[in-house]
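Quick notes on the structure that follows.
Quick note: numbers below take in every heavy atom, side chains included, and nothing from hydrogens, waters or symmetry partners.
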Amino acid sequence: MKKIACFFSLVLLYSTSFAQTADEVITKFIEASGGKEKLEGINTLQYNQVIKFNSPMGALDIPMELYKEKNKLYRAQTTMQLGPQTLEFFTVVTDTAGYLMLPANPMTGSEGGLQKMDEKARKENLYQMDVQGLFPALVNYAAKGGKVELLKDEKVNKEDCYKLKLTTGGQDVTYCISKATNLVVRQDAKGAMAASLSGLSGLMAGMGAGGRIDKLEVSVLYNDYKEVDGVKFPTKWLIKTAMGDNESELTNIKVNQPIDAKKYKAE
């Protein structure tokens with residue numbers, strides 16, 4: 001009997017010694033992404049993103065330009081052709097104010113135009129100024145008011161992954177992190193966080209669907225990581241929603257390069 005008890009004690013000791021904690025998984029992710037020093041050293045981040053959106057009206061290419069400066073700026077802007085109409089819209093959030101430029105929408109009767117965010121909405125978007133890579137919420141998550149929980153392992157495209165749940169600002173986001181590369185291969189979110197993650201929030205607002213954002217659920221699969229200034233960025237995304245799958249590609253990634261002063265203005 002003592003031998004059996006000793007055997008199970010050794011098995012338990014062996015298994016727990018190899019178990020990962022949430023913080024250990026995040027530490028591995030940070031090192032694989034470029035290291036804490038590199039991520040914390042990012043002050044500005046700029047990139048282009050094209051979303052190939054499959055709509056009921058046909059395929060749409062949604063080109064986006066994104067600009068971020070740590071604690072000072074978040075700007076996402078789009079110019080796209082929708083039939084005979086050219087849609088132009090942007091979101092700009094600074095450390096002092098926030099604005100939305102929405103296009104006129106004849107289908108809803110909306111005249112569009114520039115709208116100033118109330119302070120509550122501006123504060124809800126401050127997380128967008130976090131520039132520590134494309135998954136900045138995981139870097140120094142506790143100092144940012146986040147909490148993490150390590151969930152049951154999961155396979156993503158037959159790849160063994162750790163699964164983390166991050167709760168921040170009252171919203172949950174889950175990350176699947178490859179055990180082979182320690183990089184994020186999938187991210188899941190709901191509501192406003194999902195809209196932001198998908199890049200569709202501006203389009204939904206411009207089409208009069210902003211009120212349905214709270215029902216949106218998104219999973220994003222990431223691959224084709226490329227290194228820019230020592231930091232790894234996933235450049236190919238597959239955005240999965242109830243409306244269908246949309247491909248996305250990131251290009252022209254710039255780290256710590258000056259941002260045009262005009263991008264800080266609501267114009």
Side-chain angles (χ1 to χ4, degrees), residues 42-53 55 57 60-131 134 136 189 191-214 216 218 220 233 237 239 241 246 248-255 257-267:
I42 300 176
N43 289 308
T44 66
L45 182 60
Q46 306 170 60
Y47 55 90
N48 292 355
Q49 181 177 6
V50 175
I51 301 175
K52 296 184 179 299
F53 180 60
S55 76
M57 296 174 286
L60 294 173
D61 279 1
I62 305 175
M64 302 173 62
E65 298 175 26
L66 293 103
Y67 305 88
K68 298 184 180 186
E69 181 177 359
K70 186 176 181 179
N71 300 326
K72 292 185 178 181
L73 174 70
Y74 167 73
R75 183 185 184 103
Q77 63 185 53
T78 297
T79 301
M80 59 179 288
Q81 198 70 30
L82 189 61
Q85 186 180 17
T86 299
L87 300 181
E88 296 185 43
F89 47 91
F90 63 76
T91 300
V92 58
V93 181
T94 72
D95 51 345
T96 59
Y99 295 90
L100 292 171
M101 172 61 81
L102 301 178
N105 187 343
M107 292 184 290
T108 63
S110 171
E111 295 181 358
L114 188 64
Q115 300 178 8
K116 186 174 182 179
M117 294 181 182
D118 59 30
E119 188 59 13
K120 179 176 180 293
R122 188 188 74 86
K123 288 183 177 179
E124 287 174 347
N125 280 277
L126 291 180
Y127 76 93
Q128 304 269 27
M129 299 181 186
D130 199 342
V131 296
L134 284 188
M193 195 69 75
S196 172
L197 178 63
S198 69
L200 299 175
S201 56
L203 179 64
M204 292 180 72
M207 298 299 294
R212 297 198 293 273
I213 283 178
D214 62 331
L216 184 65
V218 168
V220 182
F233 295 89
W237 302 9
I239 304 168
T241 73
N246 307 298
S248 180
E249 183 174 4
L250 267 61
T251 59
N252 299 324
I253 301 170
K254 301 176 183 177
V255 174
Q257 294 191 24
I259 296 174
D260 187 336
K262 292 181 180 179
K263 302 303 181 185
Y264 294 78
K265 300 177 182 179
E267 58 182 37

| query | Stepwise, does the side-chain contact (heavy atoms from CB on, under 4.5 Å) test hold for I259 with Y264? | reply | CA-CA 9 Å; I259 296 174; Y264 294 78; 3.9 Å; yes
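Rounded to the nearest 0.5 angstrom, K72 NZ and N43 CG are separated by 9.0 Å. Put simply, OG1 on T79 and CD1 on I62 are 12.0 Å apart, with the number rounded to the nearest 0.5 Å. With rounding to the nearest 0.5 Å, the separation of CD in Q128 from CZ in R75 is 14.0 Å.
The main-chain N or O of E88 is never found under 3.5 Å from a side-chain atom of Q77 such that the two would form a donor-acceptor pair.
Counting only heavy atoms from C-beta outward, the side chains of V92 and L73 approach each other to under 4.5 Å. For the pair I42 and K68, the minimum side-chain heavy-atom distance is 4.5 Å or more. Using a 4.5 Å heavy-atom cutoff, the side chains of V131 and T44 are not in contact. Between E65 and K263, the closest side-chain pair of non-hydrogen atoms falls below 4.5 Å. Contact check for V93 versus M117: side-chain heavy atoms found under the 4.5 Å cut-off. Using a 4.5 Å heavy-atom threshold, the side chains of D61 and K52 count as touching. You'll find the side chain of V255 reaches within 4.5 Å of the side chain of L45, heavy atoms only. You'll find the side chain of Y74 reaches within 4.5 Å of the side chain of L66, heavy atoms only.
Across all their heavy atoms, A76 and M64 have their closest contact at CB-CE, 4.4 Å. For the residue pair T78 and P63, the shortest heavy atom distance occurs at CG2-O, 3.2 Å. For the pair G98 and R122, the tightest heavy-atom approach, listed with the atom from each and the gap, is N-CD, 3.8 Å. Looking at every heavy atom in both residues, L102 comes nearest to F89 through CA-CB, 4.3 Å. Shortest non-hydrogen contact noted between A266 and F90 is C-CZ, 3.7 Å. Among all heavy-atom pairs drawn from A194 and L216, the shortest one is CB-O, 3.7 Å.
The side chain to side chain contact (heavy atoms under 4.5 Å, CB included) with W237 is formed by just one residue from the set N246, I51, L134; it is L134.
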